[in-house]
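Worksheet for the structure shown next.
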Amino acid sequence: MAAVEPANKSSSVALPGLGRALITAGKLAQKAAEDIYQKALAHRTSFIVELMGSGAVSAADLAHTMSQAFSAPLLDLDAIDPQRLPKDLLDPKICQAYRILVLSKRSNRLIIATADPSDQEVVEKIKFSTQMGVDWIIAEYDKLSKMVEATTTSVAEAMDTIIGGGDFQFEDEPIITEDVAETNSAEVEDAPIVKFLHKMLLDAFNMRASDLHFEPYEHYYRVRFRIDGELREISTPPIAIKDKLASRIKVISRLDISEKRVPQDGRMKLKIGADRVIDFRVSTLPTLFGEKIVIRILDPSSAKLGIEALGYEPEEKERLLHAIGRPYGMILVTGPTGSGKTVSLYTCLNMLNKPGVNIATAEDPSEINLPGVNQVNVNEKAGLTFAAALKSFLRQDPDIIMVGEIRDLETADISIKAAQTGHLVLSTLHTNDAPTTLTRMRNMGIAPFNIASSVILITAQRLARRLCPNCKAPADIPREALLDSGFGEDELDGSWVSYRPVGCSACNNGYKGRVGIYQVMPISEEIQRIILRDGSALEIAEQARREGVRSLRESGLYKVKMGLTSLEEVLAVTNE
């Protein structure tokens, strides 16, 4: 389509067509346009770059003005899927240099999106390069720039832009055999991919993330970190890297890079500096559009924080210490994935780990390395199940046994027999709270007598985000809302203040770190009687409350009263 540039005879400087069009439309003063043009000459940039940088005209206002001035259609690029745009119709360098985007081809003309339809220089370049004419479509400059970068930057350039430099080393990296190297050298030796992976791992560790999620989708790829229990999108690298990145992670995790049809689990170490090594647990999962990979950061120091750092209240701490001090019996820690069960168990094991005590653990896999503890990784394929490991433990003269998770009746049966015959057994179950754990065991097929005679304490737990002490502010919560959440009338006496998240440079949206919420329920004689008569979880919960055991919600509300977390956070993690 032909475009006629509006003229401006009063110009004292030979302004480009874009500047003259803005002056004619009354969007820019003559003096301002001349100043912007002089800066563009001085900085050796284009007029539109300096114009956008000055803020004199918004990208949306510029697009509407150009659409009217040059009688060209206006397009919202948010409605365009960049993956479906035509490729190889125009040199990417021209697209990057002039911030233009080829939308389609019609006969011998290209339909191109631009923010500056007055630029005749790019028209001549396109005609010379393609021997085709140009029809302009107007788009907002900021959106156009992002889409041009996304569609024209090569994988290597994009990775170099994201990464920067930096030397690093993966510890104990396995040697790749010749046959694997021949077929996969391009996949695993791509330097930008290696640097990108290193940067993501290091950033996650520095940001105190617990997990990294590498997620492929049909038209894009994203990396998310779980920070303080909340997933945050960190990067959206080019989708072309997904297979190379998966192969690289598999190689250093000692996984089969040729197997992409079944899930795999592995481990890797990243060495930073002379004596600092970070451990990671790797899990791959085949999805519709590639392998999703989740990397868990394993922090051995978390088991040595001490029970005070976990957030137990004095009476809860006393109950737990009394239970782990007993010579035999079963202690169960329950909660969903990511609720801190492993850290709680290892904190107990660290306290019990003495030269005169024989401790053995069976996990899938072992997440925290604790010197002095005999740790076994369960391997279902090789026949080393939890039950098989437990049977072997009992022939190894153990004092304390830790089972990563009770998943089936056989494992539960052996664990209970061990607890009944002079061993202290610690394990986990996936249940919502302490009372329902007992009915869950009953549903697994365990006899009420065996449950009542072996289980001595159950701890249910959640992790709530801790309010940032630097920026938290008092929250004005209506009295009715406090009552509905579980507070009693006697607690609303004005002696405490609830706080809300604000957000500052030192935290993540008002939160920094996490604090545990616990329901610590010892198995008293009365609760044993309820179990023996096959009572319900509701009866057990009522008896526990009579004995002074807080529910998870009540424990969370206590943390609100102490100013450690917000009411909305407690309501989110405790569903009652």
Side-chain angles (χ1 to χ4, degrees), residues 228-229 307-308 310-320 322 334-336 339-340 431-439 457-503 509-527 529-530 535-576:
D228 294 337
I307 195 167
E308 292 80 9
L310 298 183
Y312 284 94
E313 299 305 327
E315 64 272 22
E316 296 169 346
K317 173 185 169 185
E318 185 180 343
R319 291 171 189 154
L320 182 60
H322 179 262
T334 74
S339 60
T431 56
N432 288 328
D433 59 11
T436 56
T437 303
L438 297 168
T439 54
L457 179 131
I458 302 174
T459 296
Q461 64 183 68
R462 300 288 189 275
L463 288 178
R465 289 179 294 171
R466 188 189 293 266
L467 284 167
C468 174
N470 297 326
C471 66
K472 66 180 182 180
D476 185 16
I477 303 175
R479 183 183 183 86
E480 293 75 14
L482 292 172
L483 291 171
D484 288 342
S485 64
F487 284 107
E489 286 281 0
D490 56 329
E491 294 179 282
L492 306 182
D493 55 5
S495 61
W496 55 274
V497 178
S498 61
Y499 290 90
R500 60 178 176 83
V502 177
N509 300 320
Y511 296 98
K512 187 176 183 180
R514 290 193 283 179
V515 62
I517 296 174
Y518 303 94
Q519 180 186 29
V520 182
M521 187 180 80
I523 306 303
S524 64
E525 290 184 3
E526 188 56 42
I527 291 178
R529 292 190 186 97
I530 297 173
S536 67
L538 186 59
E539 292 178 79
I540 296 170
E542 289 173 351
Q543 179 60 33
R545 183 173 280 106
R546 284 193 290 269
E547 294 174 5
V549 176
R550 290 194 187 102
S551 68
L552 280 168
R553 171 62 62 83
E554 290 167 345
S555 182
L557 295 179
Y558 188 75
K559 294 289 194 296
V560 173
K561 289 174 67 175
M562 294 174 65
L564 295 176
T565 188
S566 64
L567 180 61
E568 59 260 37
E569 181 69 7
V570 168
L571 296 179
V573 300
T574 61
N575 183 20
E576 289 190 4

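Only this structure's heavy atoms are used, side chains among them; waters, hydrogens and symmetry mates stay out.
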Apply side chain to side chain contact (heavy atoms under 4.5 Å, CB included) to residues T439 and S536 and explain how you reach the verdict. CA-CA 7 Å; T439 54; S536 67; 5.5 Å; no
Does the side chain to side chain contact (heavy atoms under 4.5 Å, CB included) test come out yes or no for T437 and D433, once each step is laid out? CA-CA 7 Å; T437 303; D433 59 11; 5.7 Å; no
For L463 and V573, run side chain to side chain contact (heavy atoms under 4.5 Å, CB included): C-alpha distance rounded to whole Å, both residues' side-chain angles, the deciding distance at 0.1 Å, then the answer. CA-CA 7 Å; L463 288 178; V573 300; over 6 Å; no
If you apply the rule side chain to side chain contact (heavy atoms under 4.5 Å, CB included), what do you find for N470 with V502, and how did you get there? CA-CA 9 Å; N470 297 326; V502 177; over 6 Å; no
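The distance from atom CD1 of I517 to atom OG of S339, rounded to the nearest 0.5 Å, is 11.0 Å. Separation of atoms CG (N432) and CD (Q519) is listed at 10.5 Å; rounding is to 0.5 Å. Atom CD of E491 and atom CG of L483 lie 9.5 Å apart (nearest 0.5 Å). Annotation: the span from S495 atom OG to K561 atom NZ amounts to 6.5 Å, rounded to 0.5 Å. Within the model, atoms CZ of R545 and CE of M521 stand 12.0 Å from one another, a figure rounded to the nearest 0.5 Å. Atom OG1 of residue T334 and atom CD1 of residue I458 lie 7.5 Å apart, to the nearest 0.5 angstrom.
Contact of the S485 side chain with the L571 side chain is registered, since non-hydrogen atoms from C-beta on lie closer than 4.5 Å. The closest side-chain heavy-atom distance from L467 to P501 is below 4.5 Å. Using a 4.5 Å heavy-atom cutoff, the side chains of V560 and S498 are in contact. Proximity of R550 to E315: side-chain heavy atoms (C-beta onward) are separated by under 4.5 Å at one or more points. Residues L457 and H322 form no side-chain contact, since every pair of their non-hydrogen atoms from C-beta on lies 4.5 Å or further apart. Side-chain contact between L438 and I527 is present, with at least one heavy-atom pair separated by less than 4.5 Å. At least one side-chain heavy atom of M562 sits less than 4.5 Å from a side-chain heavy atom of E313.
Within the 3.5 Å criterion, the main-chain N or O of V520 finds a donor-acceptor partner in the side chain of R319. A distance-only check finds a donor-acceptor pair linking the side chain of D228 to the backbone of G513 [under 3.5 Å]. Remark: side-chain polar atoms of Q543 are not paired, donor with acceptor, to backbone N or O of I540 under 3.5 angstrom. A distance-only check finds a donor-acceptor pair linking the side chain of S555 to the backbone of Y518 [under 3.5 Å]. Checking side-chain atoms of E542 against main-chain N and O of E539 turns up no donor-acceptor pair under 3.5 Å. Counting only distance, with no hydrogens or angles, the side chain of T574 and the backbone of V570 share a donor-acceptor pair below 3.5 Å. No side-chain donor-acceptor contact under 3.5 Å links Q461 to the backbone of G335.
A464 and T565 make their closest contact through CB-OG1, 4.2 Å (heavy atoms, listed as atom of the first residue, atom of the second, distance). Taking all atoms of both residues into account, the shortest heavy-atom contact from G510 to C471 is CA-SG, 4.2 Å.
Note that R466 lies outside the cation-pi zone of Y511, set by a 6.0 Å cut-off to the ring centre and a 45° limit from the axis. Figure legend: K472 and Y499 shown as a cation-pi pair, the cationic atom lying under 6.0 angstrom from the six-membered ring centre and within 45 degrees of its axis.
Here E526 pairs with R529 in a salt bridge; the nearest charged N to carboxylate O distance falls below 4.0 Å. Of the charged side-chain nitrogens involved, none lies within less than 4.0 Å of a carboxylate oxygen, so that E569 and K559 do not count as a salt-bridged pair.
Within a 6.0 Å radius of CG in D493, more than 12 heavy atoms belonging to other residues, nucleotides or ligands are found.
Judged purely by distance below 3.5 Å, without hydrogens or angles, the side chains of S524 and E547 pair a donor atom with an acceptor atom.
Between F487 and W496, the ring centre distance stays below 6.0 Å.
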